[in-house]
Amino acid sequence: MGRGPILTRGHRRNAVVLGSGSGSSYKGPILAVVSDRVIGSGSGSASGTLADRLRLGSLTEDGLSYKERFIVRCYEVGINKTATVETIANLLQEVGCNHAQSVGFSTDGFATTPTMRKLHLIWVTARMHIEIYKYPAWSDVIEIETWCQGEGRIGTRRDWILKDHATGQVIGRATSKWVMMNEDTRRLQKVSDDVRDEYLVYCPREPRLAIPEENSSSLRRIPKLEDPADHSKLGLVPRRADLDMNQHVNNVTYIGWVLESLPQEIIDSHELQTITLDYRRECQHDDIVDSLTSVEPVEDAEAVSKIQGTNGSIAATENNEDLRQFLHLLRVSGDGLEINRGRTEWRKKHAR
């Protein structure tokens with residue numbers, strides 16, 4: 001998501017009082033306390049940008065992860081009257097970028113370290129896995145915690161935990177894997193010791209996984225979907241609004257394209273509970289994309305249900321017969337080059 005998974009060194013952010021009036025004599029109501037120190041309106045400058053001071057996020061006490069709170073806006077809600085999966089994915093991207101930016105790593109969308117910038121290296125997404133146990137509704141406040149870790153010699157990983165801020169209930173988890181690429185040659189490259197030294201200092205000292213890997217669907221191989229697919233949506237074209245600040249199709253756009261070829265009856269009767277995407281190649285602004293979807297038999301729905309329970313879901317599929325699973329493929333129309341492979345799992349909607 002986005003272009004950079006890197007983490008953060010940081011400083012404790014200041015709080016800001018939002019209200020009218022000026023000077024220390026202001027007696028009006030405190031509308032929002034953003035962090036841990038209240039600054040009266042008009043009390044002078046504070047460290048960081050205005051966005052830093054207003055943002056509802058900060059490093060945790062040990063400095064090895066970052067938490068931020070978000071209010072679900074009306075335009076982020078879909079047909080189910082809850083946040084869409086694209087909204088969730090965008091928030092994961094936002095909190096990851098804010099985590100990286102708060103340490104002074106690059107703000108160009110790649111979240112690169114000094115050594116990476118010198119060598120023209122960037123992070124690119126290899127895999128994204130999101131599990132949603134309960135979708136937040138309009139005006140709900142969610143808290144997202146994120147952190148990074150090393151992933152062997154070829155990349156890194158970023159994890160997230162999503163909570164309902166009012167109850168503390170875990171409503172979702174996500175994990176992602178990133179690899180390093182040379183921006184000029186577009187070839188993958190091993191992570192050097194210099195780069196590892198720059199970011200591993202901000203990682204948890206012991207492995208910390210948002211999603212336990214034992215029997216986890218986050219690690220399952222996604223086979224290539226071959227023609228003829230059960231369902232298809234052909235000729236998808238990137239809009240200008242789909243391009244990120246680096247002139248590439250934003251990773252979240254792929255989620256929408258994957259869902260475009262899903263049969264409408266599934267959209268009407270089920271809701272997405274898990275999505276896994278393997279990113280195979282970059283999509284350019286002038287590419288034309290085909291989205292293919294086929295049913296994948298649920299071989300061991302009982303094991304899937306157990307995994308969901310282990311991860312903190314209270315909304316795991318109660319009836320295994322209600323679980324639906326699909327394979328997806330995004331490809332360049334015409335030459336058939338793979339852009340993305342995916343798998344989604346869907347649970348029956350509960351009556352509202």
Under 4.5 Å between any side-chain heavy atoms of [X] and [Y], yes or no?
X: Met181; Y: Leu188; result: yes
X: Leu330; Y: Asp290; result: no
X: Trp123; Y: Met180; result: yes
X: Leu292; Y: Leu327; result: no
X: Arg158; Y: Leu92; result: no
X: Lys163; Y: Glu145; result: no
X: Ile71; Y: Leu56; result: no
X: Arg280; Y: Lys224; result: no

Do any N or O atoms from the side chain of [X] and from the backbone of [Y] form a donor-acceptor pair under 3.5 angstrom?
X: Asp197; Y: Asp194; result: no
X: Arg173; Y: Ala210; result: yes
X: Gln149; Y: Arg208; result: yes
X: Arg324; Y: Val295; result: no

Task: Trace of the side-chain contact (heavy atoms from CB on, under 4.5 Å) decision for Val124 with Val179 - done: CA-CA 6 Å; Val124 293; Val179 293; 3.5 Å; yes

TODO: Could you tell me how the ring of Trp257 sits relative to the ring of Tyr254: parallel (under 30°), tilted (30 to 60°) or perpendicular (over 60°)?
DONE: perpendicular

What about [X] and [Y], same hydrophobic cluster or not, with Ile/Leu/Val/Met/Phe/Trp/Tyr joined at side-chain heavy-atom distances under 4.5 Å?
X: Ile79; Y: Leu262; result: yes
X: Trp160; Y: Leu91; result: yes
X: Ile88; Y: Trp346; result: yes
X: Leu162; Y: Tyr135; result: yes
X: Leu243; Y: Val332; result: yes

Distance-only donor-acceptor check, side chains [X] and [Y], under 3.5 Å:
X: Ser261; Y: His328; result: no
X: Asn251; Y: Thr125; result: yes
X: Asn80; Y: Glu271; result: no

Minimum-distance pair of heavy atoms, taken over all atoms of [X] and [Y]:
X: Tyr199; Y: Gly150; answer: OH-CA, 4.1 Å
X: Arg186; Y: Ile122; answer: NH1-CD1, 4.3 Å
X: Gly342; Y: Leu277; answer: CA-CD2, 3.9 Å
X: Leu225; Y: Leu329; answer: O-CD2, 3.4 Å
X: Arg347; Y: Leu272; answer: NH2-O, 4.3 Å
X: Thr293; Y: Ala229; answer: O-CB, 3.8 Å

- [ ] State which residue, out of Thr146, Asp159, Thr60, fulfils the side chain to side chain donor-acceptor pair (under 3.5 Å) condition with Ser65.
- [x] Thr60

Gap between atom [atom2] of [Y] and atom [atom1] of [X] - 0.5 Å precision:
X: Arg69; Y: Glu143; atom1: CZ; atom2: CD; answer: 6.5 Å
X: Thr84; Y: Glu76; atom1: OG1; atom2: CD; answer: 7.5 Å
X: Glu183; Y: Arg117; atom1: CD; atom2: CZ; answer: 12.0 Å
X: Ile142; Y: Phe70; atom1: CD1; atom2: CZ; answer: 7.5 Å
X: Asp278; Y: Lys177; atom1: CG; atom2: NZ; answer: 9.5 Å
X: Lys67; Y: His165; atom1: NZ; atom2: NE2; answer: 10.0 Å

Short N-O contact, [X] and [Y], less than 4.0 angstrom:
X: Glu198; Y: Lys118; value: no
X: Asp227; Y: Arg331; value: yes
X: Lys349; Y: Asp322; value: no

Open item on the list: Can you confirm whether Leu337 is buried at CG, in the sense that more than 12 heavy atoms of other residues, nucleotides or ligands lie under 6.0 Å from that atom?
Closed with: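 Yes.
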
Task: Heavy atoms of other groups near Arg205 CZ, more than 12 under 6.0 Å - done: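 It does: Arg205 CZ has more than 12 such atoms within range.
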
- [ ] Show your reasoning for whether side-chain contact (heavy atoms from CB on, under 4.5 Å) applies to Leu209 and Thr175.
- [x] CA-CA 8 Å; Leu209 307 180; Thr175 186; over 6 Å; no

TODO: Please report the C-alpha distance between Tyr279 and Met128 in whole Å, then the side-chain angles of each, then the deciding distance to 0.1 Å, and finally whether the side-chain contact (heavy atoms from CB on, under 4.5 Å) criterion is met.
DONE: CA-CA 8 Å; Tyr279 295 87; Met128 185 75 194; 4.0 Å; yes

- [ ] Determine, stepwise, if the pair Asp193 / Arg153 fulfils side-chain contact (heavy atoms from CB on, under 4.5 Å).
- [x] CA-CA 9 Å; Asp193 290 338; Arg153 299 295 303 182; 3.0 Å; yes

Open item on the list: Which residues pass the side-chain hydrogen bond (donor to acceptor under 3.5 Å, both in side chains) test with Asp287, not counting sequence neighbours?
Closed with: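 For Asp287, no residue satisfies side-chain hydrogen bond (donor to acceptor under 3.5 Å, both in side chains) once neighbours in sequence are set aside.
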
Task: Thr276: side chain to side chain contact (heavy atoms under 4.5 Å, CB included) partners, not counting sequence neighbours - done: Arg127, His129, Ile222, Thr274

